[in-house]
Amino acid sequence: MTVKISQTADVQKFFEQAAGFGNDEGSPRLKRIVQRVLQDTARLIEDLEVSEDEFWHAVDYLNRLGGRGEAGLLVAGLGIEHFLDLLQDAKDAEVGLTGGTPRTIEGPLYVAGAPLAEGQVRMDDGSEEGVATLMFLEGQVLDPHGQPLAGATVDLWHANTRGTYSFFDQSQSEYNLRRRIITDAEGRYRARSIVPSGYGCDPQGPTQECLDLLGRHGQRPAHVHFFISAPGHRHLTTQINLSGDKYLWDDFAYATRDGLVGEVVFREDGARGVAGRYAELTFDFQLQQAPDTDAEQRSARPRALQQA
Ligand code: MBD
Ligand code: FE
């Protein structure tokens, strides 16, 4: 076919109508986005000759994806969440907003409202004692001049030895491996936790189903997530990805970046009052000055909140 039906004036007008362009109600912003989605979807169907069977299979896939709560997982796995970081990095570079610890994706597994502690805290509930390796995770939060930031909030979360997260894994106790630490006078945070394992997508889930068809695995390296914030400073969403992990540079969610690799050191020296083997991970974070007060807050992404 030489004429592209999706590109005809009649079809374009039709999708403008479908997107609400003909009325004065609703959201002009959403109308503009939906019009573009419809037009681009029509073009894709026509250009790639998407069959009806393929189309309806995709509709069913979206139902199953949402039904399993995996939409956030799929966008991470397809690299769209990482693309948002690349886009923000480029915007920052354009206005000279650079320096400090690199950002990387939040991922879909944050839960708001974790217990607050001053300076130091134990993060694990002891349920994996004898299985997990103890990990002492600590460091400083610094300002753009390298000066320690006292009173900064370090909101961190990570997986257990099976690579699963409390709340999403209902077998774990409430807020296990999730804490908020307020940095001390020297800008320090200290967490006594356990060495996490990397996350793997549910092999039975719709995200892995898609990845299988792309010939890809659904594994992440072991990592620890962070939200770091302090008055007058720009909110930072980032992660430490652990050295030595097989998936460190083969992350299905593309979160590992230069500057975000944490060197885990294993010791067995009787120090810290630990009889056996334990791990140390030291990592400092440097924040940028906030260009405006909005920049001090994390995004308004909808997130889980643990109900008591
Ligand atoms: C994770 O733990 C994670 O960090 C991301 C980005 C996606 C899935 C699971
Ligand atoms: Fe994670």
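Order of listing sets the numbers, starting from 1, for every ligand and every atom in it.
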> Got Phe226 and Asp155 here, is their nearest side-chain heavy-atom distance under 4.5 Å?
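Result no, sub-4.5 Å side-chain heavy-atom pair not found.
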> Listed by chain and number, what are the side chain to side chain donor-acceptor pair (under 3.5 Å) partners of Thr237, not counting sequence neighbours?
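Checked Thr237 against side chain to side chain donor-acceptor pair (under 3.5 Å); matches are His235.
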> Taking non-hydrogen atoms within less than 4.0 Å of ligand 1, which protein residues qualify?
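Contacting ligand 1 under 4.0 Å are Leu73, Ile105, Gly107, Pro108, Leu109, Tyr165, Tyr199, Arg220, His223, His225, Ala253.
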> Taking the side chain as C-beta and beyond, is there a heavy-atom pair between Tyr199 and Tyr165 under 4.5 Å?
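Counting from C-beta outward, Tyr199 and Tyr165 do come under 4.5 Å.
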> Quick check against the 3.5 Å criterion: does Gln286 have a side-chain atom that pairs as donor or acceptor with the backbone of Pro144?
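Indeed, once roles are kept as given, a pair shorter than 3.5 Å links the two residues.
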> Just so I know, are the side chains of Ile105 and Tyr254 near enough to count as touching, which here means a heavy-atom distance under 4.5 Å?
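No, too far: nothing below the 4.5 Å cut-off.
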> Under 4.5 Å between any side-chain heavy atoms of Thr207 and Asp202, yes or no?
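Side chain of Thr207 against side chain of Asp202, heavy atoms only: no contact under 4.5 Å found.
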> What residues form a ring-ring contact (aromatic ring centres under 6.0 Å, His included) with Tyr110, not counting sequence neighbours?
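Testing Tyr110 for ring-ring contact (aromatic ring centres under 6.0 Å, His included), a comparison that skips the adjacent residues, returns Trp157, Phe227.
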> Tell me, which protein N/O/S atoms are under 2.8 Å away from the Fe ion (ligand 2)?
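Under 2.8 Å from the Fe ion (ligand 2) - ignoring waters, which are not counted - the protein N, O or S atoms are Tyr165 OH, His223 NE2, His225 NE2.
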> Looking at Phe266, does the NZ or CZ of Arg277 lie under 6.0 angstrom from its six-membered ring centre and within 45 degrees of the ring axis?
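Checked: cation-pi criterion met.
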> Kindly confirm or rule out a cation-pi arrangement of Arg272 over Phe136, judged by NZ or CZ under 6.0 Å from the six-membered ring centre and within 45° of its axis?
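Checked: cation-pi criterion met.
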